[in-house]
> 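The structure follows.
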Amino acid sequence: MKNHLLLIVYFLLCSSLGFGQTKEIDSLKKHLNHSNLADTTRLSDYLNLASRYGPINMDSLYEYTRLASKLSKTNGNYKLDAVLYYLGIYHAETGQINKAKEYYLEAMDIAEGGNDKKILARIYGNYGNILSERTELTEKIRFFKKSLQLKEELGSPLDIGRSQF
């Protein structure tokens, strides 16, 4: 009985998360259908879609990141750090660790010169995640500390908790 109850609760939790994510995705896609969107707004929508698809579909994450990349390049590399961050995620998740490192390092270079501490904290954290514990442990810890420090400056309890975990 107890196992059945846990299974039901787990199913309801998963379905509510999936449905909420689908509503956001549908809303973003609908917004993209407006013909009068500025390129920067369209690019932000593509990045938001990449973010929403990240946990559920790597192909869609890559597709929307690729679209964002094209717009970024034609708009003075606007949000290029975020584009490179999502490309890093894609390559890390598809097992291309060296390629992911390249994208994260390139994103880091851009983000460190900018004002968006949130994306920089994410880049540091994800870069730390892909470093090897056997050969790059010191670097891994250094990037986790940098990520945590930025997240503490931003004051986001959820992000701080995730980083401390």
Side-chain angles (χ1 to χ4, degrees), residues 21 24-25 27-29 31-32 34-165:
Q21 193 161 28
E24 283 182 284
I25 289 170
S27 177
L28 285 165
K29 285 181 176 180
H31 188 251
L32 280 168
H34 294 280
S35 60
N36 60 347
L37 286 180
D39 281 353
T40 53
T41 302
R42 190 172 298 281
L43 190 152
S44 293
D45 284 352
Y46 287 148
L47 291 174
N48 282 326
L49 279 165
S51 171
R52 298 305 179 270
Y53 272 116
I56 58 175
N57 187 321
M58 281 294 115
D59 291 334
S60 293
L61 175 142
Y62 181 75
E63 180 61 24
Y64 286 109
T65 302
R66 190 184 60 73
L67 292 168
S69 178
K70 285 181 182 179
L71 282 177
S72 177
K73 290 175 183 171
T74 60
N75 287 280
N77 291 332
Y78 178 70
K79 292 197 175 194
L80 184 59
D81 52 354
V83 168
L84 296 168
Y85 165 73
Y86 285 110
L87 287 171
I89 291 172
Y90 172 78
H91 288 288
E93 291 298 319
T94 57
Q96 302 169 55
I97 301 303
N98 288 332
K99 193 73 171 165
K101 284 181 182 180
E102 289 175 25
Y103 281 117
Y104 286 140
L105 289 172
E106 192 176 345
M108 227 180 279
D109 286 342
I110 295 167
E112 285 174 342
N115 296 329
D116 191 348
K117 290 182 179 181
K118 189 173 186 176
I119 191 70
L120 183 57
R122 289 178 179 175
I123 294 165
Y124 285 156
N126 279 33
Y127 184 70
N129 279 333
I130 63 171
L131 295 175
S132 167
E133 292 186 15
R134 288 186 169 169
T135 59
E136 302 164 303
L137 183 59
T138 303
E139 281 295 289
K140 185 179 192 100
I141 292 169
R142 185 170 74 85
F143 280 101
F144 284 152
K145 283 183 179 179
K146 289 171 91 168
S147 177
L148 181 58
Q149 181 182 9
L150 284 175
K151 288 176 181 179
E152 286 174 342
E153 286 175 23
L154 293 169
S156 170
L158 182 61
D159 286 337
I160 292 168
R162 286 180 186 155
S163 292
Q164 289 176 339
F165 173 74

> My understanding is that only residues two or more places apart in sequence, or in another chain, count here; which of them pass side-chain contact (heavy atoms from CB on, under 4.5 Å) with Ala50?
Leu61, Tyr64, Thr65, Tyr86

> Of the non-hydrogen atoms in Ala92 and Ala100, which two are nearest, and what is the gap between them?
N-CB, 3.5 Å

> Can you sort out the partners of Thr40 under side-chain contact (heavy atoms from CB on, under 4.5 Å), two or more places apart, ordered by chain and number?
Ala38, Tyr78

> Supply the atom-to-atom distance Leu28 CG to Leu49 CG, rounded to the nearest 0.5 angstrom.
4.5 Å

> For the CG atom of Leu32 and the OG atom of Ser27, what is their distance to the nearest 0.5 Å?
10.0 Å

> Which residues pass the side-chain contact (heavy atoms from CB on, under 4.5 Å) test with Ala107, sequence neighbours left out?
Leu84, Ile123

> Kindly indicate, with the supporting measurements, whether the criterion side chain to side chain contact (heavy atoms under 4.5 Å, CB included) is fulfilled by Asp45 and Leu37.
CA-CA 10 Å; Asp45 284 352; Leu37 286 180; 4.1 Å; yes

> Output the distance between atom CG (Asn57) and atom OH (Tyr62), rounded to the nearest 0.5 Å.
14.0 Å

> Where the side chain of Lys140 meets the backbone of Leu131, is there a donor-acceptor pair that is under 3.5 Å apart?
yes

> Say you draw a straight line from CG of Leu67 to OG of Ser72; how long is it, rounded to the nearest 0.5 Å?
12.5 Å

> Between CD of Glu133 and CD1 of Ile141, what distance do you get to the nearest 0.5 Å?
8.5 Å

> Could you pull out the closest heavy-atom pair between Ile119 and Ala111, with the gap in Å?
CG2-CB, 4.4 Å

> My understanding is that only residues two or more places apart in sequence, or in another chain, count here; which of them pass ring pair (Phe, Tyr, Trp, His ring centres under 6.0 Å) with Tyr103?
His91

> Under 4.5 Å between any side-chain heavy atoms of Tyr46 and Arg42, yes or no?
yes

> Just to verify, what does Asn75 make a side-chain hydrogen bond (donor to acceptor under 3.5 Å, both in side chains) with, not counting sequence neighbours?
Asp39

> Does anything in residues 118-140 pair up under ring pair (Phe, Tyr, Trp, His ring centres under 6.0 Å), and if so which pairs, sequence neighbours excluded?
Tyr124-Phe143, Tyr127-Phe143

> Do Asn129 and Phe144 make a side-chain contact, defined as non-hydrogen atoms from C-beta onward lying under 4.5 Å apart?
yes

> Under the rule for side-chain hydrogen bond (donor to acceptor under 3.5 Å, both in side chains), what residues qualify as partners of Gln149, not counting sequence neighbours?
none

> With rounding to the nearest 0.5 Å, note down the distance linking CG in Asp116 to CG in Leu150.
10.0 Å

> Restricting to side-chain hydrogen bond (donor to acceptor under 3.5 Å, both in side chains), what partner residues turn up for Thr94, sequence neighbours left out?
Gln96

> Can you list every pair that meets salt bridge (charged side-chain N to carboxylate O under 4.0 Å, His left out) and has a residue in residues 73-100, with sequence neighbours left out?
Lys99-Glu102

> With sequence neighbours excluded, tell me which residues meet salt bridge (Lys or Arg N to Asp or Glu O under 4.0 Å) with Lys101.
Glu136

> Between Leu43 and Ala68, which heavy-atom pair has the shortest distance, and what is it?
CD1-O, 3.5 Å

> Report the residues that fulfil side-chain hydrogen bond (donor to acceptor under 3.5 Å, both in side chains) with Asn126, sequence neighbours left out, ordered by chain and then residue number.
Tyr104

> List in chain and number order the residues that pass salt bridge (Lys or Arg N to Asp or Glu O under 4.0 Å) with Lys117, two or more places apart in sequence or in another chain; answer none if no residue qualifies.
Glu153

> Taking Leu80's backbone N and O only, do any of them form a donor-acceptor pair with Asn77's side chain (distance below 3.5 Å, no angle check)?
no

